[in-house]
Chemist: 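Quick one: the structure is below, questions incoming.
Per chain, numbering begins at 1; letters A, B, ... match sequence-line order.
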Number of protein chains: 2
Amino acid sequence: MRMSDLSRRSGVSVTTIKYYLREGLLPAGRQLSATQAEYDEQHLRRLRLIRALIGVRGLSVSTTRDVLRALDEHAGDTHILLGLALGSIRIVEEPEEGTPEPAEVGALIKELGWQVHQSAPARAALAETLTSLRTLGTPLEWRTLLPYARLAEQTAAVDLDQLDWIDDPLEVAERALLLTVLLEPALLALRRMAQENESARRHAED
Amino acid sequence: MRMSDLSRRSGVSVTTIKYYLREGLLPAGRQLSATQAEYDEQHLRRLRLIRALIGVRGLSVSTTRDVLRALDEHAGDTHILLGLALGSIRIVEEPEEGTPEPAEVGALIKELGWQVHQSAPARAALAETLTSLRTLGTPLEWRTLLPYARLAEQTAAVDLDQLDWIDDPLEVAERALLLTVLLEPALLALRRMAQENESARRHAED
DNA sequence: TGTTGTTGGATACCTTCGCTATCCATGTTA
DNA sequence: TAACATGGATAGCGAAGGTATCCAACAACA
């Protein structure tokens, strides 16, 4: 498959493909000669994945590169993949080094009895939200998050259940990535709809 | 309060405040003379809210403007606020007019028995995720989303519970905004941590 | 054996976004 | 009155994510 075929089948322009190659998102094709390279189905698949991460989820190019690299390096080990590859995604851009993690985050995790790596970016993301709410004058008691956390636990169980019946390690890794990252906008959308519905329900009761 | 005081107390530079005024995110102060304006606590509060929406949640300036306008217009009515003001937030940028909503989204909502407005952007967001997964060759059965939706229902109930005991309508509106929008990164962070924990737990069992 | 068109690779450029810096006339304040 | 601050307008900047152009090497057909 030539680059132009790759472009046609993926719907991504040749120049953009070249850009992704340059940025290291897409591995180079097999060089046939000085000005000829061959691409295969793997490249096509990878390219579609890139578009989904950047376009649907809105990841930055550099974050996408980190995620894909982690995916390649730890394809076989779902645990490492989830903890490390997905850990490289910053939900909040710039971890805001200046903000020390409030004790609340540690307290919450301890209360939940969770094992969460100390350097997990999710800790920083949570910390920043709490700090921000406090600055706004509407602080959130960390205990308020407990019911949310229990629901997150159940969500995570559903997530991992879906990986159980898959055999191919590479497929497990890719599926895990899609389920965690690409599903995020969908989960938020479900929450929005549920809020609308619940709000309507409560109003109707009055 | 002068603009410089507003700057000092909010930590936002004067030039940036001017930018927000220009962009219509922040209402103008009370004009004292041709080159003098007075700002109050409301402005400070609003400014902090703007920073939180843009900085923490990563909303674009124009989206933030839409959200704040909706907040002002329907401050008293939580139902309208959630359905309309929050509806104006695009989880996925560019609703992708070209993609018609798959029948699956309608089927899911019907199965759930939810009342969701036909034009809710959350529908489009969900639709795009499903379309994207199908393009990637790993389609998601809509029934797979049912457990997630039931969890979203419970989350929404927790959300609305927290608004019950607040009296001031303006405060309800602002709190609703914070709980839905600003809490989103926190909820995703909880899910990430729960996944890490659940993955560790399952591996330990082997 | 041309000659025409395509390919990969490099480089420069473009557009949008979110600020930021500079100007300047008008005010305030010491 | 002199020095400095303020509000408002305009222009510019830096990063991000592409896009357009150029060019030498090559393939493939006549």
Side-chain angles (χ1 to χ4, degrees), chain A residues 1-40 43-44 47-68 89-90 92-94 96, chain B residues 1-40 43-44 47-68 89-90 92-94 96:
Chain A
M1 200 193 309
R2 302 294 167 71
M3 192 185 276
S4 59
D5 300 310
L6 198 58
S7 170
R8 193 174 30 75
R9 292 184 57 189
S10 66
V12 179
S13 77
V14 169
T15 45
T16 300
I17 293 176
K18 288 180 176 180
Y19 170 63
Y20 291 153
L21 284 168
R22 239 179 301 144
E23 294 296 317
L25 298 197
L26 195 64
R30 194 170 58 90
Q31 285 293 101
L32 295 180
S33 71
T35 65
Q36 225 68 1
E38 167 97 346
Y39 302 92
D40 58 20
H43 288 91
L44 181 60
L47 188 51
R48 287 191 175 134
L49 181 59
I50 291 168
R51 292 304 307 179
L53 293 178
I54 292 178
V56 177
R57 178 52 229 273
L59 291 189
S60 73
V61 168
S62 68
T63 301
T64 304
R65 175 175 42 231
D66 296 343
V67 170
L68 292 177
I89 297 170
R90 301 215 157 62
V92 176
E93 295 296 318
E94 259 179 65
E96 202 76 17
Chain B
M1 199 193 308
R2 302 290 169 71
M3 192 184 278
S4 61
D5 301 309
L6 196 59
S7 169
R8 194 173 31 75
R9 293 183 57 190
S10 65
V12 179
S13 77
V14 170
T15 45
T16 300
I17 293 177
K18 288 179 177 182
Y19 169 64
Y20 290 154
L21 284 168
R22 237 179 302 143
E23 293 296 317
L25 298 196
L26 196 63
R30 196 169 55 89
Q31 285 292 103
L32 295 178
S33 72
T35 65
Q36 225 65 2
E38 168 96 347
Y39 302 91
D40 58 21
H43 288 92
L44 181 59
L47 188 51
R48 287 189 175 135
L49 181 59
I50 291 169
R51 292 304 306 180
L53 293 178
I54 292 179
V56 177
R57 179 52 229 274
L59 292 190
S60 73
V61 168
S62 69
T63 302
T64 305
R65 176 176 41 230
D66 295 344
V67 170
L68 293 176
I89 297 170
R90 300 211 160 64
V92 176
E93 296 296 316
E94 257 181 66
E96 202 75 16

Chemist: Rounded to whole Å, please give me the gap between CG in B:L32 and P in C:dT28.
Modeler: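 Distance check: B:L32 CG to C:dT28 P gives 8 Å.
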Chemist: For every nucleotide of nucleotides 3-17 of chain D, 5' to 3': is a protein heavy atom under 4.0 Å from its base (B), only from its sugar-phosphate (S), or from neither (-)?
Modeler: ---BBB-B------B
Chemist: With a 4.0 Å cut-off, would you call B:R8 and B:D5 a salt bridge?
Modeler: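 A salt bridge links B:R8 with B:D5.
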Chemist: Is any side-chain heavy atom of A:T64 less than 4.5 Å from a side-chain heavy atom of A:E23?
Modeler: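 No, too far: nothing below the 4.5 Å cut-off.
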Chemist: Is it the case that the side chain of B:Q31 and the backbone of B:A37 share a donor-acceptor pair, with hydrogens and angles ignored and the cut-off at 3.5 Å?
Modeler: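 Checking the backbone N and O of B:A37 against the side chain of B:Q31, no donor-acceptor pair under 3.5 Å is found.
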Chemist: Output the rounded distance in Å from CG (B:L26) to P (C:dG18).
Modeler: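 Checked: the CG to P distance equals 16 Å.
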Chemist: Please give, in whole Å, the distance from C:dT7 C1' to A:R30 CZ?
Modeler: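 After rounding, the gap between these two atoms is 16 Å.
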Chemist: Side chains of A:V61 and A:Y19, heavy atoms from C-beta outward: is any pair under 4.5 Å?
Modeler: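 Yes, close enough: below the 4.5 Å cut-off.
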Chemist: What distance separates A:L59 CG from A:L68 CG, expressed to the nearest 0.5 Å?
Modeler: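 Rounded to the nearest 0.5 Å, the CG-CG separation comes to 9.0 Å.
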Chemist: Measure the distance from CG on A:L6 to C1' on C:dG8 and round it to the nearest whole Å.
Modeler: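 Rounded to whole Å, this separation is 13 Å.
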Chemist: Could you tell me how far apart B:I50 (CD1) and C:dG18 (P) are, to the nearest whole angstrom?
Modeler: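 It works out to 13 Å between those atoms.
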Chemist: In the structure I gave you, are the side-chain heavy atoms of B:I54 and B:L25 within less than 4.5 Å of one another anywhere?
Modeler: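 B:I54 vs B:L25: side chains touch.
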